[in-house]
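Scroll down for the structure; my scribbles are underneath it.
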Amino acid sequence: MNKETLLGLLIPFLGTSLGSAMVFVMKDELNPKVQKGLSGFAAGVMVAASIWSLLIPAMDMVKETMGNMSWVPAVIGFLIGILFLLFLDSAIPHQHIDSAAPEGRNSENLRKTTMMVLAVVIHNIPEGMAVGVSYAGALFGTGNVSLAGALVLSIGIAIQNFPEGAIISMPLRSAGVDKKKSFWMGVGSGAVEPIAALVTILLSQIMIPILPYLLAFAAGAMLYVVVEELIPEATGEGEDHTNIGTLGFAAGFVIMMILDVMLG
C-alpha cells in the first residue's frame, strides 16, 4: 500500500479528531439548531458521495460487459448494505444523542455515554468501508474509480466528520464526562473508520470481481445511516421540527457534488 492510499484512509479520522477537539474551545452544549444543521450537512455529503463516488462507478465498472443490466450489481450490493447495517443496528446496543431510550440488544450493563459512542461507531463503519472500497477500486479495479476520486470521497467524509466529532464529544461533556475524556471518546469513535477501510482494501484484493458489488454495498450502508439516523436528527419532530437541517443537507450535498465532479 502506497503513502497516498494510507494518507487517504487517515483523512476522515483526522476530521473526526479535529471535530472532537471542539470540546476544548466551545461551550459545553451545542445549540440544538446548530446540531440539526450539522446533521443535515453530514446527510447531504453522504447522499452525494453514495451516488457519485459509489453507485455510479459501480455501474460504470460493468457497463461494457452487462450493458443495460449494469444496474444489477448496484442493486444487489445496495440492498445487502442496507441489510448489513440493519443487522448491526439490531445487534449492537447503542443510543442516539437525541434519543431517550437505547436501541439494539439488552444494554442494562452499559452506561449511556458508552452507548452514545457505540451509536457513532455504527455510523462510522460504513463510512470507513466506503473509503476503503473506493481506494480498492482505484488500486485494483478497471479504471472507473481513480485515486483522485477516492481522495475526493475521503475528503468529503472528513468534512462531514468534523461536525460529527463535535456532535459526539460535546454531548458527552454535557452528560458529565470531563473534557479530555470526551475528546478521546470522540477520537476513539472515529478510529473505526481507517480500520474498516483497511480491512475492506485487504478483502478487496481477493474479491476483485465483486468490486462493483462492494461499492454499492458501501453506498447502501451509508444511506441506511442517513435515513435511520441523520435525517430524523436533522429535521426533528413536533415542536422541535426545523428547516435548518434541510438547508444543511442542501449545503452538504452541493459541496460534495462539486468536489466529486470537479476533482474526481
Consider side-chain contact (heavy atoms from CB on, under 4.5 Å). Of L153, I159, I157, which one does M256 pass it with?
L153
Could you tell me the separation between the OG atom of S39 and the CD atom of Q160, rounded to the nearest 0.5 Å?
10.0 Å
Residues in ring-ring contact (aromatic ring centres under 6.0 Å, His included) contact with F217, at least two apart in sequence or another chain:
F84
Looking only at heavy atoms, the pair that brings I201 and G132 closest together is CG1-O, 3.2 Å
Sequence neighbours excluded and cut-off under 3.5 Å, please list the side-chain donor-acceptor pairs for residues 245-252, or say none.
none

CD of E229 to CE of M46: how many Å apart, nearest 0.5 Å?
8.5 Å
L14: what forms a side chain to side chain contact (heavy atoms under 4.5 Å, CB included) with it, not counting sequence neighbours?
L18
Mind listing the closest non-hydrogen atom pair of A150 and S134 along with its distance?
CA-OG, 3.3 Å
Would you confirm whether S154, through its side chain, and G8, through its main-chain N or O, come within 3.5 Å as a donor-acceptor pair?
yes
Under the side-chain contact (heavy atoms from CB on, under 4.5 Å) criterion, do Q35 and L38 qualify, and how do the steps go?
CA-CA 5 Å; Q35 185 166 320; L38 294 177; 5.7 Å; no
Taking a hydrophobic cluster as the set of Ile, Leu, Val, Met, Phe, Trp and Tyr residues connected by side-chain heavy atoms closer than 4.5 Å, whether directly or through intermediates, do V227 and I80 fall within one such cluster?
no
Considering all heavy atoms, the nearest S70-P73 contact:
O-CD, 3.4 Å
Nearest 0.5 angstrom please: I76 CD1 to I210 CD1, how far?
11.0 Å
Using the rule that two of Ile, Leu, Val, Met, Phe, Trp, Tyr join whenever any of their side-chain heavy atoms come within less than 4.5 Å, decide whether V254 and M222 are in one cluster.
yes
Can you tell me if CG on D178 sees more than 12 non-hydrogen neighbours from other groups inside 6.0 Å?
yes
Go through the steps to decide whether W52 and V152 satisfy the test side-chain contact (heavy atoms from CB on, under 4.5 Å), and finish with yes or no.
CA-CA 11 Å; W52 273 274; V152 167; over 6 Å; no
Kindly state each residue pair satisfying side-chain hydrogen bond (donor to acceptor under 3.5 Å, both in side chains) with at least one member in residues 249-258, sequence neighbours excluded.
none
Among all residues two or more places apart in sequence or in another chain, which pass the side chain to side chain donor-acceptor pair (under 3.5 Å) test with S169?
none
Nearest heavy-atom approach of A219 to S50 is O-OG, 3.8 Å
Answer yes if F41 and I258 sit in the same cluster of Ile, Leu, Val, Met, Phe, Trp and Tyr residues linked by side chain heavy atoms under 4.5 Å apart, and no otherwise.
yes
Nearest 0.5 Å, what's the CE-CE distance between M61 and M66?
14.0 Å
Go through the structure and list residues passing side chain to side chain contact (heavy atoms under 4.5 Å, CB included) with V133, not counting sequence neighbours.
L54, T200, L211, L214, L215, A218
For the student: nearest non-hydrogen atoms of E4 and Y135, plus distance
O-OH, 4.1 Å
Report the residue from V131, L259, I11 that forms a side-chain contact (heavy atoms from CB on, under 4.5 Å) with L151.
I11
Minimal heavy-atom distance between L85 and A221, with the atoms involved, is CD2-CB, 3.3 Å
Sequence neighbours left out, what passes ring-ring contact (aromatic ring centres under 6.0 Å, His included) with Y224? Give chain and number order.
none
For F162, which residues count as a ring-ring contact (aromatic ring centres under 6.0 Å, His included) partner, sequence neighbours excluded?
none
The criterion is side chain to side chain contact (heavy atoms under 4.5 Å, CB included); which residues satisfy it with V75, sequence neighbours excluded?
W71, L79
Is there side-chain contact between V45 and I255, with at least one heavy-atom pair below 4.5 Å?
no
Going from CD1 on I244 to NZ on K36, what distance comes out if it is rounded to the nearest 0.5 angstrom?
9.5 Å
Quick one: side chain to side chain donor-acceptor pair (under 3.5 Å) partners of N161, sequence neighbours excluded?
T16, E193
Under the side chain to side chain donor-acceptor pair (under 3.5 Å) test, which residues partner S53, sequence neighbours left out?
D260
Nearest 0.5 Å please: distance from the CG atom of L230 over to the CG atom of L223.
10.5 Å
Which residue pairs pass the ring-ring contact (aromatic ring centres under 6.0 Å, His included) test when at least one of the two sits in residues 165-190, sequence neighbours left out?
F24-F183
